[in-house]
Amino acid sequence: MITTPKYTRDLLPAEFSNDTSAQVHRFQFIEERARDLFRRYGFKEIRTPIFEHTELFARGVGTETDIVSKEMYTWKDINGDSLTLRPENTASVIRAYIQHKMWGQAETVKLFYVGPQFRRERGQKGRFRQFYQIGAEVIGNSDNPAIDAECIEMIMQLVADVGIGNAELRLNSVGDAESRPRFAEMIRRELAPKISSMCGDCQRRYETNPLRILDCKLDHEVVAGLPSTLDLLTDDARQHFETVCRYLDARGISYKIDSRLVRGLDYYTKTVFEVVSGSLGSQNALLGGGRYDGLSKELGGPAAKGFGFALGLDRFAMTIPENSGDQGNPDLYIAHLGAAAFERALVLVQGLRKKGIAAAVDFETRSLKSSMKLADKLKARYVLILGESELASGQWALRSMKDSSQSTISAENWLEEITNLVGAEEAV
RNA sequence: GCGAUAGUAGCUCAGUCGGUUAGAGCGCCUGGUUGUGGCCCAGGAGGUCGUGGGUUCGAGUCCCAUCUUUCGCCCCA
């Protein structure tokens, strides 16, 4: 039997999946809520290729990151190009911003994306080799803290809209280009006497990227003893961060400042944040993001500033309440008896579907009993019973599966009567 | 890449010390008299016990290998 590749999975309709966190209607529900928010906040959708030139991610994400150094699906195309399945989407969006010279059209560009990303990681709860992200980016001349605050506001609104209650927002600033060397210098100075006893990763990071040591879980006691990097921010970066905090306060958005929060992508500057949920297990980040003022230039574009975030749809789907989303069951099922009724039913569903009603009909003619069973299994809200006596009398029976009540539909006015009854409740 | 778990029916699982035709619940199909779902009752279909090798008179059960799952480390969404 051919199955899904390692650590990938099918997202299925609810009736085919016991694993609620892999049911498509939950993903659709989250996407719908997100799209509605993006519309209100003025974000337009962008769809970038699922693969790009490898160089884009190497330069954009950073060669020192885990993602680029060991998690990318990279292959050589026939013409010799090195191509890579996108491990994240921000670099692609910035690439598109540059390629299409968007800065010439609008001072501030607001884009969002929805789609699969690929990283060759070992699977685990909430982590897959093909996973889905929704993200948004604000790109332009301005690095006004109001942008940071508005994006965070929007994303926290989404968290609330989909019904996630126990999420915590963590906030930090990783500083600007001038702050970074101060962090590194401080960390090297403080850790010089202790580094030989720290873990292998930290010893390597000590040389290559000292900031990442803050992320270490093994030597967290040593890390906890370090001075806060927030004290080392340049005036500009500090002021920016304080303003973001003030703007969030004004909106009534609560957050926890975590000076050890370091993100694994190299492009972040100043504001970084993530939202975690206690109910996720070890991979507890629901979403993450921040500011990346150097990325456009790094990729050969203008010196545009940027702010963005990505949320893990798979993890959202695990966290939203049990009954979220509409499984798409029929509004009405037609139980037909006999050849004449069957042919009539085929035309009736066409009319109902044109009116926006989810009408179902079985292609086999069967007993009324098994038709009713099927309607029950399909979770149809109503059953229209169409048999010989109904056709003869012009009085059709419409049964509510919820309360077992039955009413009569007249053959002359059937479409209106049914739409009124079935469609009216639909709107509720 | 490292560590740990598990793999028996569509699903969730039981299966004793190695010993006859491998079980249960749920689901599915059929029936319980005329054209009415759920509840109940009866019957039925469905399994190379992940795969390959080995030990043995005999392997779902023991050994080795391999694949896959899940969870943790790492890292991220």
Side-chain angles (χ1 to χ4, degrees), chain A residues 1-9 15-19 30 61 64-71 87-90 114-135 155 199-202 204-205 212 215-218 261-265 268 272-277 280-290 308-319 333 335-338 341 365-391 397-406:
Chain A
M1 183 172 55
I2 300 174
T3 59
T4 51
K6 239 176 195 287
Y7 307 126
T8 65
R9 57 181 187 163
E15 60 262 44
F16 301 115
S17 171
N18 293 328
D19 178 4
I30 298 158
V61 179
E64 290 302 306
T65 60
D66 281 15
I67 291 174
V68 173
S69 63
K70 55 190 186 194
E71 294 173 0
E88 59 100 57
N89 220 327
T90 298
V114 178
Q117 318 293 338
F118 307 86
R119 293 180 199 171
R120 197 186 183 288
E121 293 185 283
R122 188 72 175 267
Q124 190 178 145
K125 190 180 177 72
R127 197 171 71 184
F128 311 94
R129 287 187 172 177
Q130 173 169 343
F131 60 103
Y132 294 82
Q133 287 189 331
I134 299 177
I155 198 67
C199 74
D201 279 337
C202 283
R204 186 173 46 76
R205 290 165 181 161
R212 294 289 301 284
D215 216 17
C216 182
K217 273 88 183 174
L218 294 173
L261 176 60
V262 177
R263 307 200 48 76
L265 288 77
Y268 287 114
V272 294
F273 72 103
E274 63 183 32
V275 174
V276 297
S277 164
L280 272 178
S282 176
Q283 305 304 315
N284 63 354
L286 277 169
L287 63 96
F309 62 84
L311 72 83
L313 257 175
D314 306 84
R315 292 180 189 176
F316 263 60
M318 288 165 45
T319 314
Y333 172 89
H336 50 84
L337 291 148
T365 300
R366 56 184 80 236
S367 71
L368 182 57
K369 185 193 181 92
S370 56
S371 276
M372 292 301 296
K373 280 191 169 182
L374 194 54
D376 191 54
K377 199 171 77 180
L378 293 171
K379 299 196 177 90
R381 284 165 51 224
Y382 287 92
V383 174
L384 178 68
I385 297 167
L386 208 60
E388 283 163 24
S389 62
E390 282 80 8
L391 288 182
L398 186 71
R399 181 182 183 84
S400 163
M401 296 298 274
K402 196 175 175 184
D403 57 21
S404 299
S405 65
Q406 245 168 251

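Every chain is numbered from 1, with letters handed out A, B, ... down the list of sequences. What's counted below: heavy atoms across the whole structure, side chains too, no hydrogens, waters or symmetry copies. Computed from a predicted structure; not experimentally measured.
Here B:U68 presents its P atom at 17 Å from CZ of A:F128, a figure rounded to the nearest Å. Atom-to-atom, CD of A:E121 to P of B:G1 comes out at 13 Å; the value is rounded to the nearest Å. Note: CZ (A:R122) to P (B:A4) measures 11 Å, nearest angstrom. Here B:U51 presents its P atom at 17 Å from CD1 of A:I2, a figure rounded to the nearest Å. In this entry the distance linking CG of A:N284 with P of B:C71 reads 15 Å, nearest Å. The distance between atom CD of A:E15 and atom C1' of B:G10, rounded to the nearest whole Å, is 14 Å. Atom P of nucleotide B:C71 and atom OH of A:Y7 are separated by 10 Å, given to the nearest angstrom. Atoms NZ (A:K125) and P (B:U69) sit 16 Å apart, rounded to a whole Å.
With hydrogens and angles ignored, a donor-acceptor pair closer than 3.5 Å exists between the side chain of A:R127 and the base of B:C74.
A:R366 places a side-chain heavy atom less than 4.5 Å from the side chain of A:L374. Looking only at side-chain heavy atoms (C-beta outward), A:F316 and A:L286 come within less than 4.5 Å of each other. Side chains of A:M401 and A:K379 form no contact here, defined as non-hydrogen atoms less than 4.5 Å apart. The side-chain heavy atoms of A:I155 and A:F273, taken from C-beta on, include a pair separated by under 4.5 Å. Residues A:Q117 and A:I67 are not in side-chain contact: their nearest non-hydrogen atoms beyond the backbone lie 4.5 Å or more apart. Annotation: side chain of A:R127 is in contact with side chain of A:R315 (closest heavy-atom distance under 4.5 Å). Side-chain contact between A:M318 and A:K125: present, with at least one pair of heavy atoms (C-beta onward) separated by less than 4.5 Å.
In this structure, the separation between CD on A:E390 and CD1 on A:I385 is 7.0 Å, given to the nearest 0.5 Å.
Residue-level contact check: A:E88 touches neither bases nor backbone, having no heavy atom under 4.0 Å from any strand. Looking at heavy-atom distances under 4.0 Å, A:G135 makes no contact with the nucleic acid at all. Backbone-only engagement by A:A310 is indicated by non-hydrogen atom pairs under 4.0 Å involving sugar-phosphate atoms exclusively.
Residue-to-nucleotide proximity on RNA chain B shows that, of A:R315 and A:T4, the 5′-proximal contact is made by A:T4.
Here the separation of B:G44 from B:U48, taken at their C1' atoms, is 23 Å to the nearest Å. Spacing between B:C39 and B:C26 at atom P, rounded to whole Å, works out to 10 Å. Rounded to the nearest Å, the gap between the C1' atom of B:G43 and that of B:G35 is 24 Å. Comparing B:A4 with B:C40, their C1' atoms sit 46 Å apart, to the nearest whole Å. Nucleotides B:C17 and B:U33 place their P atoms 49 Å apart, quoted to the nearest Å. Taking the C1' atom of each, B:G60 and B:A6 are spaced 15 Å apart, rounded to whole Å. With both ends at atom P, the span from B:U56 to B:C74 equals 47 Å, rounded to whole Å. Taking the C1' atom of each, B:G58 and B:C2 are spaced 40 Å apart, rounded to whole Å.
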When you check every protein heavy atom under 4.0 Å of nucleotides 26-40 of chain B, what one-letter string (B, S, -) results, 5' to 3'? --SS-----BBBB--
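Summarising the base pairing, B:C49 is matched to no nucleotide, lacking a Watson-Crick or G-U wobble pair whose two defining distances lie under 3.5 Å. Across every strand in view, B:G31 sits in a pair with B:C41 that passes the Watson-Crick or G-U test at under 3.5 angstrom.
Counting non-hydrogen atoms of neighbouring residues, nucleotides and ligands closer than 6.0 angstrom, the CD atom of A:E388 reaches no more than 12 such neighbours.
The shortest distance between the side-chain N/O atoms of A:Q124 and the OP1/OP2 oxygens of B:C73 is below 4.0 Å.
The nucleotide whose nearest atom lies closest to any side-chain atom of A:N18 is, among B:C73, B:U68, B:C11, B:C11.
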